[in-house]
Novice: 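One structure coming up, written as structure tokens, with questions to follow.
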Amino acid sequence: MRTGTVDRSISQFSVRLPQRDDASTRSYPIYIGQGVLSMIAPAVSERGLPKRIVIVSDEHTASLYGDRVHAGFVNFGFRADRIELPAGERNKTPDTVRSIYDKLHALRAGRDSLLVAVGGGVIGDITGYAAATYLRGIPYVQVPTSLLAQVDSSVGGKVGVNLPYGKNLIGAFYQPACVFIDVGTLSTLPGRELRSGLAEVVKYGAILDAALFDLLERDFDGLLHPDLHLYPDIVKRCCELKASVVAKDEHEAGLREILNFGHTVGHAIEASTGYATYTHGEAITYGMIAETYLSVTERSLPADEAGRIIRLLDRLGPAPFRNDIGIDTMYQAMFGDKKVRSGNIRFSLLTGIGACTFGHTPGEEAIKNSLRQLVSHVKEQ
Ligand SMILES: NC(=O)c1ccc[n+]([C@@H]2O[C@H](COP(=O)([O-])OP(=O)(O)OC[C@H]3O[C@@H](n4cnc5c(N)ncnc54)[C@H](O)[C@@H]3O)[C@@H](O)[C@H]2O)c1
């Protein structure tokens, strides 16, 4: 998978996508390391991408990193404009996408434009969706600045926005032209957001990589106080794992569903709380706890391994669980999930640490029982 090294501190590998009917090869590079921000303009130029740039960032990432990315493009002779959006999951809506269309129109940005998403997963998902749909599709690149976006959302081409009754219900599979991951940006990430991103890292260990899971258990305290020496390898490993899954199943026809471990319950928690109480990572932390319990009853996940997963998730310290949500409310919210088929709620469940299977449809009582176990677990904390 790896194709080369740009310089000693930056590694590069390609996401290779399944062939289309015309048998053409499709792939795009991911650059990971310290100082990647300064190579974006030259790399975009080298790859023959449009020279008309529109950078999309949010109210936090605009001044932290958008300015620098913008200056890099201007210094390299590009025409670069800016769009700044309000931050946060509550703004991941069709209205925000509409505001991007309006600004692109006002800037007279045509099909020869490139969108550059500088921010967390919210900015990446919204910008990617705007790129997929504006003028029937213009290219975009991802510059993820949160840990969650670096290890997960910037890779794989799932883009979209929420509706009030469900997460990511409008969207597309639309791959970026490049992904630029500067792990140096993690130094400004608030602790809560870092822990939120670590939830997705724990997910990769739990579903695909027992060695990564062991490393997280061992080095967890160091990771909470960003030791930037540990992050490049961890971010790269997660991207490799995600790229290997996407290479086999770009459109989530099967295997890619394993990446949703913890997300069936997690998305229901987010929807039940109006996307306002928890970060995405916190919601899936609780989702993974419930789905670990479900894995014990439905997939015979050994109790000692379940205990290790739940202890590691507890160490992430998500915002306190809201006991007012109610088991029935969470259960009903799961029917808004994209994965529901023929009225059945689908889960990806573990058989062991590092081993996950998909397409499970437990009965109502089993699902509600795992939610009750989650609620009683959080009460004991
Ligand atoms: N497309 C996918 O495959 C995929 C996968 C997983 C998650 N997601 C989506 O990702 C979103 C969550 O992403 P997120 O956790 O990055 O949320 P986010 O984009 O809201 O970022 C979290 C906060 O951190 C701030 N921030 C980002 N980088 C920063 C930095 N370096 N320094 C300081 N502040 C910074 C942001 O401004 C924001 O306030 C959810 O909408 C989720 O559905 C998508």
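In what follows, every heavy atom counts, from backbone to side chain, and hydrogens, waters and symmetry copies are set aside. One-based numbering, in listed order, for ligands and for the atoms of each. Positions are given from 1 along the sequence. Note that the structure is a prediction, hence the values are computed from the model and not measured.
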Novice: Listed by chain and number, what are the ring-ring contact (aromatic ring centres under 6.0 Å, His included) partners of Phe78, not counting sequence neighbours?
Specialist: Phe73
Novice: Using heavy atoms and a cut-off under 4.0 Å, could you grab the residues that are in contact with ligand 1, chain by chain, numbers ascending?
Specialist: Asp58, His60, Thr61, Leu64, Tyr65, Ala87, Glu89, Lys92, Gly120, Gly121, Val122, Asp125, Thr145, Ser146, Leu148, Asp152, Ser153, Lys158, Lys167, Asn168, Thr185, Thr188, Leu189, Pro190, Glu193, Glu200, Lys242, His280
Novice: Hey, are the side chains of Lys51 and Ser45 touching, using non-hydrogen atoms and a 4.5 Å cut-off?
Specialist: yes
Novice: Minimum heavy-atom separation for Ile170 to Pro94, with atom names?
Specialist: CD1-CG, 3.9 Å
Novice: Go through the structure and list residues passing side chain to side chain donor-acceptor pair (under 3.5 Å) with Asp214, not counting sequence neighbours.
Specialist: Arg308
Novice: Using distance only, find each side-chain donor-acceptor pair of residues 310-320 under 3.5 Å and give its atom names and separation, not counting sequence neighbours.
Specialist:
{"residue": "Asp314", "atom": "OD1", "partner": "His377", "partner atom": "NE2", "Å": "2.9"}
{"residue": "Asp314", "atom": "OD2", "partner": "His377", "partner atom": "NE2", "Å": "3.0"}
{"residue": "Arg315", "atom": "NH1", "partner": "Glu217", "partner atom": "O", "Å": "3.3"}

Novice: When you group the ILVMFWY residues by side-chain heavy-atom contacts below 4.5 Å and let the links chain together, are Val69 and Val74 in the same group?
Specialist: no
